Protein chains: 2
Amino acid sequence: MGMGRPREFDAEMALDQAMEVFWRHGYEGATIAQLTEAMGINPPSLYACFGNKEGLLKAALDRYTKLRNIWMDEVVAAPTARAVAERMLMGIADKQTDPANPPGCLLVQGGIACGTGSENVPFELAARRAQNEDQLRDRFVRAKAEGDLKESADPAALARYVSAVSVGMGVMASSGADREALRQVAKVAVQAVEAQSSDRPQ
Amino acid sequence: MGMGRPREFDAEMALDQAMEVFWRHGYEGATIAQLTEAMGINPPSLYACFGNKEGLLKAALDRYTKLRNIWMDEVVAAPTARAVAERMLMGIADKQTDPANPPGCLLVQGGIACGTGSENVPFELAARRAQNEDQLRDRFVRAKAEGDLKESADPAALARYVSAVSVGMGVMASSGADREALRQVAKVAVQAVEAQSSDRPQ
DNA sequence: CCACATCTGTAGTGAACACTACATATCTGG
DNA sequence: CCAGATATGTAGTGTTCACTACAGATGTGG
């Protein structure tokens with residue numbers, strides 16, 4: 001029993017192309033024809049490798065969040081809650097306006113509302129956004145324990161807040177906001193975290 | 001020459017139903033069959049009255065923004081920049097979790113990314129969000145002139161910030177965040193506006 | 001070289017989509 | 001009561017969609 005004909009395309013490079021299509025057109029707006037053309041393969045290869053359209057999206061999301069998690073680890077490595085928020089939001093301002101990618105964030109652009117048969121796509125995206133929020137919350141819990149955040153601070157609320165601002169910036173970016181506009185938003189947003197930070201030096 | 005057979009349905013009530021469908025499923029996710037069933041009419045009536053699917057969306061958006069503008073007038077009537085932000089964001093927390101409507105905001109749920117043939121839908125929504133941002137900016141410009149905001153404050157950046165937080169809250173609401181969670185975000189967000197407010201009493 | 005397994009390209013499949021032709025119904029103005 | 005005008009309901013239209021049957025190509029194990 002042989003192992004069969006080997007795949008002629010690189011799955012990760014194909015995923016990068018699919019990711020870009022989903023990012024730009026959303027899950028429902030992306031067609032199999034667009035995806036296969038961008039990936040440089042034919043539909044049967046796509047279905048053999050990823051199952052169906054939703055499987056392809058999940059694989060693309062896995063790749064996206066994998067890269068994003070590496071960056072998030074750097075974010076939460078910042079020394080204070082304020083620095084974490086600043087590094088996160090200023091970084092997002094830059095990432096979401098990086099001309100190498102479509103504007104905005106795949107976890108938002110992928111699909112906020114979907115039609116019948118794709119109802120779980122928005123849930124899937126929300127679950128991945130929640131992972132980042134959880135990581136932020138854990139970091140802010142630590143910041144409070146370290147006395148970096150005030151006793152009155154609510155780490156979970158702060159994490160939700162930073163996550164919400166990130167999402168809002170993503171929508172703004174996808175509708176044409178430039179990098180400077182997003183940086184201004186980030187700077188203002190950080191002040192709310194600063195307001196919950198302890199006055200004593202870290 | 002007679003005036004023809006009169007319309008048998010109420011256009012505004014039908015629009016309310018269409019608005020709800022777009023709100024829940026997005027522009028692309030909403031089908032003509034869903035829309036006509038919710039509106040209680042047949043496709044020819046829809047097309048005679050609204051032109052096409054996109055015309056129906058615009059009519060629904062007109063109705064949505066009309067109601068929203070009435071509320072925004074109340075928001076910017078608050079006495080200080082901080083009070084404006086608080087009234088806006090706390091109100092949004094409540095509105096976006098009002099069980100009488102689908103969760104979130106139609107100007108976000110309607111469509112952030114769309115496929116070929118609907119590219120201008122996201123632009124249309126962004127333009128209407130920008131109207132609210134402009135109104136906020138004008139209000140914050142006034143607040144700065146009145147000494148309510150610090151000399152270092154940037155009214156345009158503040159308006160963009162509040163708008164971004166609103167959008168972020170809308171996405172959170174549509175993915176299941178409850179009212180209390182959104183209120184927490186609003187409370188944190190207001191602190192950034194407070195940080196740019198003058199210390200002297202108004 | 002052969003049996004077998006997997007991939008690839010061509011060319012479709014049925015279903016769902018936005019939209020409409022057409023006959024009929026219901027109004028106004030004369 | 002009639003002519004013109006517009007709305008309605010039925011029943012479609014062509015197009016596009018996600019997805020796949022099938023035949024041929026390309027690999028491995030014996």
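Any value given below was found using the heavy atoms of this structure, including those in side chains, with hydrogens, waters and symmetry copies removed. Chain naming here is simple, since letters A, B, ... match the order of the sequence lines and numbering starts at 1 in each. Small disclaimer: the values here were computed from a predicted structure and weren't measured.
Nucleotide D/dC17 holds its P atom 11 Å from the CG atom of A/L35, rounded to whole Å. We find that CG of A/L56 is positioned 10 Å from P of D/dC19, with the value rounded to whole Å.
By the 4.0 Å N-to-carboxylate-O rule, B/D94 lies close enough to B/R183 to be salt-bridged with it. A salt bridge between B/E133 and B/R137 is absent, with no side-chain N of the basic residue lying under 4.0 Å from a carboxylate O of the acidic one. The existence of a salt bridge linking B/R63 and B/E12 is confirmed by a sub-4.0 Å separation between a basic side-chain nitrogen and an acidic carboxylate oxygen.
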Atom pairs and distances, side-chain donor-acceptor, residues 149-157 of chain B, under 3.5 Å, sequence neighbours left out:
| residue | atom | partner | partner atom | Å |
| --- | --- | --- | --- | --- |
| B/K150 | NZ | B/A195 | O | 3.2 |
| B/D154 | OD1 | B/A156 | N | 3.1 |
| B/D154 | OD1 | B/A157 | N | 3.2 |

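Side-chain contact between B/I41 and B/L35 is absent, with no heavy atoms from C-beta onward closer than 4.5 Å.
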Open item on the list: I need a per-nucleotide contact map over nucleotides 8-20 of chain C, read 5' to 3'. Cutoff is protein heavy atoms under 4.0 Å; write B for the base, S for backbone only, - otherwise.
Closed with: SBB------SSBB
